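Quick caveat, the model's predicted, so the values are computed rather than measured.
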Amino acid sequence: QVQLVESGGGLVQAGESLRLSCAASGSIFSIDAMGWYRQAPGKQRELVAGITRGGRTSYADSVKGRFTISRDNAKNTVYLQMNSLNAEDTAVYYCNADIMTSWASKEYNYWGQGTQVTVSS
């Protein structure tokens with residue numbers, strides 16, 4: 001019923017910027033926290049940034065000062081602005097959200113399909 005679709009990934013050069021978007025659709029009553037994770041080949045998935053419904057944010061130490069997470073609740077969309085990208089940022093980026101599908105349902109965690117970000121040196 002619920003789908004998260006990422007967009008904006010691609011190939012960029014070191015030092016450049018990229019903006020990722022993730023839109024939630026389907027049977028959505030409300031969305032609580034949202035976040036971005038990333039996973040490089042052979043490595044564990046890690047939390048990059050998170051944001052509450054009210055806009056409070058948190059970041060992994062490796063991206064603080066370079067990445068900015070934001071959301072548009074009216075569009076059920078979360079964004080990740082990535083600046084000063086380097087080769088270590090290369091990974092598949094996944095969006096994540098805690099969503100209720102109805103007023104009586106429990107909150108479930110959902111994942112997008114992922115979008116590839118490749119930073120060339």
Side-chain angles (χ1 to χ4, degrees):
Q1 290 281 65
V2 173
Q3 183 175 235
L4 301 180
V5 179
E6 299 102 335
S7 62
L11 174 65
V12 297
Q13 292 183 291
E16 295 184 340
S17 299
L18 205 59
R19 186 172 189 255
L20 305 182
S21 298
C22 177
S25 62
S27 299
I28 298 173
F29 178 74
S30 66
I31 304 178
D32 195 4
M34 304 184 82
W36 287 95
Y37 290 73
R38 67 185 181 187
Q39 186 168 27
K43 296 185 178 181
Q44 291 186 316
R45 187 172 299 186
E46 65 174 345
L47 176 64
V48 176
I51 185 168
T52 68
R53 181 174 179 82
R56 290 197 298 172
T57 60
S58 61
Y59 299 91
D61 289 340
S62 60
V63 306
K64 284 183 179 177
R66 298 190 297 120
F67 290 11
T68 302
I69 187 170
S70 61
R71 64 190 289 170
D72 185 336
N73 292 336
K75 296 181 179 179
N76 290 333
T77 300
V78 62
Y79 307 92
L80 185 67
Q81 178 66 46
M82 304 184 292
N83 298 328
S84 301
L85 287 163
N86 56 58
E88 288 68 50
D89 296 316
T90 296
V92 176
Y93 284 70
Y94 299 89
C95 65
N96 176 271
D98 296 322
I99 299 174
M100 292 181 66
T101 57
S102 73
W103 68 271
S105 69
K106 66 180 292 185
E107 191 174 271
Y108 288 97
N109 188 253
Y110 295 86
W111 291 92
Q113 80 289 345
T115 185
Q116 177 70 48
V117 172
T118 302
V119 184
S120 64
S121 59

Legend entry - Beyond-backbone contact of Leu47 with Tyr37, side-chain heavy atoms, under 4.5 angstrom: yes
Legend entry - Spacing of CD belonging to Glu107 relative to OG1 belonging to Thr101, to within rounding of 0.5 Å: 10.5 Å
Legend entry - Under 3.5 Å donor-acceptor, Arg71 side chain and Ala33 backbone: no
Legend entry - Euclidean distance, Asp98 CG relative to Ile31 CD1, rounded to 0.5 Å: 10.0 Å
Legend entry - Any side-chain heavy-atom pair of Arg45 and Tyr94 under 4.5 Å: yes
Legend entry - From Tyr93 atom OH to Gln39 atom CD, the distance as rounded to the nearest 0.5 Å: 12.0 Å
Legend entry - Residue pair Gln116 / Thr90, side-chain heavy-atom distance below 4.5 Å: yes
Inset, instruction - Only counting residues at least two apart or in another chain, list the ones meeting side chain to side chain contact (heavy atoms under 4.5 Å, CB included) with Ala49. - result: Tyr59, Ile69, Leu80
Inset, instruction - Side-chain contact test, heavy atoms from C-beta onward, threshold under 4.5 Å: evaluate it for Val78 versus Trp36 and give yes or no. - result: yes
Inset, instruction - Measure across Ala40 and Ala91 and return the closest heavy-atom pair with its distance rounded to 0.1 Å. - result: N-CB, 3.9 Å
Inset, instruction - Using a 4.5 Å cut-off on heavy atoms from C-beta on, say whether the side chain of Met82 contacts that of Leu20. - result: yes
Inset, instruction - Kindly indicate whether the side chain of Val117, heavy atoms from C-beta on, has any atom under 4.5 Å from the side chain of Asp89. - result: no
Legend entry - Heavy-atom side-chain contact between Arg38 and Ser62 under 4.5 Å: yes
Inset, instruction - Drop me the distance from Glu6's CD to Cys95's SG, to the nearest 0.5 angstrom. - result: 3.5 Å
Legend entry - Non-hydrogen side-chain atoms of Gln3 and Gln113 separated by less than 4.5 Å: no
Inset, instruction - Check the hydrophobic clustering (I, L, V, M, F, W, Y; side-chain heavy atoms under 4.5 Å; chains of links allowed) and say if Ile99 and Phe29 are grouped together. - result: no
Inset, instruction - Starting at CH2 of Trp111, measure out to CG of Leu4 and round the result to the nearest 0.5 Å. - result: 10.0 Å
Inset, instruction - Please answer: with hydrophobic residues joined when any side-chain heavy atoms are less than 4.5 Å apart, are Tyr79 and Leu85 in the same cluster? - result: no
Inset, instruction - Please identify each residue that fulfils side-chain hydrogen bond (donor to acceptor under 3.5 Å, both in side chains) with Ser17, with sequence neighbours left out. - result: Asn83
